**Q** 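Please see the structure below; I have some questions.
Quick caveat: nothing in here was measured; it's all calculated off a predicted structure. Start at 1 with the first residue, then count along the sequence.
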Amino acid sequence: MKPEHAPLPAQMAGTADGTAFTVHGSGEPLVLVHGVGMGKEIWTPQIAAFSRDYQVIVYDMLGHGGSALPAADATLRDYAEQLAGLLDHLGIAAANVVGHSMGALVALEFALAYPQRVLRVAALNAVFMRTAAQRAAVLERAAALAHGGVTATVDSTLDRWFGKPVPLALEQSASMVRHFLHSVNPLGYARTYQLFACSDAVHAEGLPSLAMPALFMTGECDPNSSPDMSRAMAALAPQGQLDIVAAERHMMNVTAPDRVNRRLRIFLETTRGGVTGCHSQE
């Protein structure tokens, strides 16, 4: 890992009502919500980049890391309420919220349920309105996870996220992700993945009422969180922005952190002045 992406010491760390969290830096609050199977440490490059001028909050979503398990019938609202409870604990009235993959669904759910608490929202590698074939494939993966356990799906997950074979330049990132997948709570992962598999259409009616600047960013080569999905979401959100990162796949926050961080910073800073509607691809 590059020195500029090395972990920074936390100003605060602990567990609040079953949610494990850390807080880094000071300034305007910036919450980062990880994807299914990952953990709060997956945001290390973003913590390093943003904690100089933001109060960066990372936490383990339900069923992951040091956080409590979700109920068997948990909904996205339960995951959004987990974030609301954490912000209450920290005394934060409103924050910027950035989510990746499953975390993007949580971020959007939180923004729709608690609009007064969200300054800006960014959905990275989000899923939206899967095709019938995509939906069948993700449900098949959820079933394999439920019946075969985490180890039965790790290799196929890495193939989708990094390519097969993993490019030499991405081996370190793939190794880190493999570690997360092998370390995750199997039941928490299975329950969360099942919800992820069934939630791609849940915000179709809500996005037109999204009340704050919203960035939809994904990798050009991410087939399951495709550019077309982000394009459709950005078109529905009143203040939606689209950003496609050329040549990147699903785990772009760790495989291309400098590019992703730069784009996130531009979004956060330009929308502070009310500028919206940026559509870019490089």
Side-chain angles (χ1 to χ4, degrees), residues 29-36 61-62 74-84 87 94-135 138-139 192-220 222-245 248 250 252-253 260 263-264 266-268 270-272 274-281:
L30 173 63
V31 181
L32 306 174
V33 190
H34 67 79
V36 64
M61 72 164 60
L62 295 172
T75 66
L76 275 179
R77 186 59 55 91
D78 294 306
Y79 287 75
E81 289 178 355
Q82 180 194 20
L83 175 52
L87 293 184
N96 300 290
V97 183
V98 177
H100 173 257
S101 193
M102 172 67 179
L105 294 179
V106 175
L108 292 172
E109 181 73 11
F110 184 78
L112 290 168
Y114 300 95
Q116 73 282 4
R117 306 199 69 171
V118 180
L119 303 172
R120 302 161 195 82
V121 63
L124 277 55
N125 303 88
V127 294
F128 184 66
M129 303 300 289
R130 294 182 178 104
T131 65
Q134 288 172 328
R135 188 169 291 114
V138 74
L139 288 172
T192 305
Y193 197 92
Q194 180 63 41
L195 179 62
F196 172 72
C198 300
S199 298
D200 57 290
V202 72
H203 295 134
E205 294 184 3
L207 284 173
S209 65
L210 203 61
M212 68 291 297
L215 174 65
F216 299 89
M217 186 196 308
T218 197
E220 178 189 16
D222 189 341
N224 297 305
S225 301
S226 69
D228 283 345
M229 291 179 177
S230 285
R231 187 172 293 111
M233 288 185 283
L236 286 173
Q239 300 180 63
Q241 301 187 27
L242 172 68
D243 203 339
I244 308 301
V245 185
E248 288 301 321
H250 194 65
M252 62 188 191
N253 69 300
V260 170
R263 290 156 180 260
L264 279 175
I266 289 171
F267 167 69
L268 293 170
T270 58
T271 52
R272 185 173 289 132
V275 178
T276 61
C278 175
H279 295 247
S280 65
Q281 180 171 345

**Q** What are the two closest non-hydrogen atoms of A201 and M129, and how far apart are they?
**A**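 Heavy atoms of A201 and M129 come nearest at CB-SD, 3.5 Å.
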**Q** Determine whether a donor-acceptor pair (N or O, by modelled atom type, separation under 3.5 Å) exists between the side chain of H100 and the backbone of N125.
**A**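 Side chain of H100 to backbone of N125, a donor-acceptor pair under 3.5 Å: no, none is there.
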**Q** Considering residues at least two apart in sequence or located in another chain, which fulfil the side-chain contact (heavy atoms from CB on, under 4.5 Å) criterion with A122?
**A**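 Applying side-chain contact (heavy atoms from CB on, under 4.5 Å) to A122 gives V98, L124, L215, L264, F267.
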**Q** I need the Q241 CD to R263 CZ distance, nearest 0.5 Å.
**A**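 Answer for the CD-CZ pair, Q241 versus R263, is 12.0 Å.
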**Q** Any sub-3.5 Å donor-acceptor pair from S199's side-chain atoms to L195's backbone N or O?
**A**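 Yes.
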**Q** Say whether, by atom type as modelled, one donor and one acceptor occur between the side chain of T218 and the main chain of P227 under 3.5 angstrom.
**A**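 Flag not set: sc T218 to bb P227 has no pair under 3.5 Å.
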**Q** Under 3.5 Å, side chain of S101 to main-chain N/O of G103, donor-acceptor pair present?
**A**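 Answer holds: no.
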**Q** So, using ring-ring contact (aromatic ring centres under 6.0 Å, His included) as the criterion, who are the partners of F110 when residues are at least two apart?
**A**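 With sequence neighbours excluded, F110 shows a ring-ring contact (aromatic ring centres under 6.0 Å, His included) to Y114, given in chain and number order.
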**Q** What distance do M229 atom CE and R231 atom CZ have between them, rounded to the nearest 0.5 Å?
**A**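 If we round to the nearest 0.5 Å, M229:CE and R231:CZ are 12.0 Å apart.
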**Q** side-chain contact (heavy atoms from CB on, under 4.5 Å), that's the test. Do E220 and V245 meet it? Break it down for me.
**A** CA-CA 6 Å; E220 178 189 16; V245 185; over 6 Å; no
**Q** Among V31, L83, V97, L87, whose side chain to side chain contact (heavy atoms under 4.5 Å, CB included) with R117 holds?
**A**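 For R117, the side chain to side chain contact (heavy atoms under 4.5 Å, CB included) check succeeds only for L87.
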**Q** Mind checking side-chain contact (heavy atoms from CB on, under 4.5 Å) for L207 and listing every partner two or more places apart, or none if nothing turns up?
**A**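 In terms of side-chain contact (heavy atoms from CB on, under 4.5 Å), with neighbours along the sequence ignored, L207 is linked to L108, F128, H203, L210, F216, M233, L236.
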**Q** For residues L139 and C198, determine if any side-chain heavy atom of one lies less than 4.5 Å from a side-chain heavy atom of the other.
**A**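 They are in contact (side-chain heavy atoms under 4.5 Å apart), so the answer is yes.
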**Q** Please find the pair of heavy atoms, one from A234 and one from L242, that lie closest to each other, and give the distance.
**A**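 Heavy atoms only, the tightest pair is CB-CB, 4.0 Å.
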**Q** When you measure from the centre of the six-membered ring of F196, is the NZ or CZ of R130 under 6.0 Å away and within 45° of the axis?
**A**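 The answer is yes; both the distance and angle limits are met.
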**Q** Give every residue pair that meets the salt bridge (charged side-chain N to carboxylate O under 4.0 Å, His left out) criterion with at least one member in residues 208-217, sequence neighbours excluded.
**A**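 Listed once each, the pairs would be none.
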**Q** Which atom names give the shortest non-hydrogen contact between S225 and A126, and what distance separates them?
**A**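 Shortest heavy-atom contact: CB-O, 3.3 Å.
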**Q** Should L112 and S209 be marked as a side-chain contact (heavy atoms from CB on, under 4.5 Å) after you check the CA-CA gap, both sets of side-chain angles, and the distance that decides it?
**A** CA-CA 8 Å; L112 290 168; S209 65; 4.0 Å; yes
**Q** So, taking the atom named CG in D228 and the one named OG1 in T131, what distance separates them when rounded to the nearest 0.5 Å?
**A**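 Those atoms lie 10.5 Å apart.
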**Q** What pair of heavy atoms forms the shortest contact from Q82 to L62, and how long is it?
**A**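 Minimum heavy-atom contact is OE1-N, 3.1 Å.
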**Q** Roughly how far apart are H34 NE2 and M61 CE, rounded to 0.5 Å?
**A**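 Going from NE2 on H34 over to CE on M61, the span is 4.5 Å.
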**Q** With sequence neighbours excluded, tell me which residues meet salt bridge (charged side-chain N to carboxylate O under 4.0 Å, His left out) with E248.
**A**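 Partners of E248 by the salt bridge (charged side-chain N to carboxylate O under 4.0 Å, His left out) criterion, ordered by chain and then number, come out as R259.
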**Q** Between N96 (side chain only) and L268 (backbone N and O only), is there a donor and an acceptor less than 3.5 Å apart?
**A**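 No, because the side chain of N96 does not come within donor-acceptor range (under 3.5 Å) of the backbone of L268.
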**Q** If only atom types and distance count, is the side chain of R120 paired as donor or acceptor with the main-chain N or O of P213 below 3.5 Å?
**A**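 No, because the side chain of R120 does not come within donor-acceptor range (under 3.5 Å) of the backbone of P213.
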**Q** Does E205, at its CD atom, have more than 12 non-hydrogen atoms belonging to other residues, nucleotides or ligands within less than 6.0 Å?
**A**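 Incorrect, the count does not exceed 12.
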**Q** Taking all heavy atoms of Q239 and all of A211, pick out the closest pair and write down the distance.
**A**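 For Q239 versus A211, the nearest heavy atoms are NE2-O, 3.5 Å.
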**Q** Answer whether the closest heavy-atom distance between the side chains of P115 and M212 falls below 4.5 Å.
**A**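 With C-beta onward as the side chain, the pair touches.
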**Q** Test side-chain contact (heavy atoms from CB on, under 4.5 Å) on V127 and N224; report intermediate values, then the result.
**A** CA-CA 7 Å; V127 294; N224 297 305; 5.5 Å; no
**Q** Can you sort out the partners of D78 under salt bridge (charged side-chain N to carboxylate O under 4.0 Å, His left out), two or more places apart, ordered by chain and number?
**A**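 Listed in chain order: nothing, the list is empty.
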**Q** Is there a side-chain contact between M102 and T192 in this structure, where contact means two heavy atoms from C-beta onward sitting under 4.5 Å apart?
**A**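 Touching, per the 4.5 Å side-chain cut-off.
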**Q** Which pair of non-hydrogen atoms, one from A107 and one from G99, has the smallest distance, and what is that distance?
**A**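 That would be CB-N, 4.0 Å.
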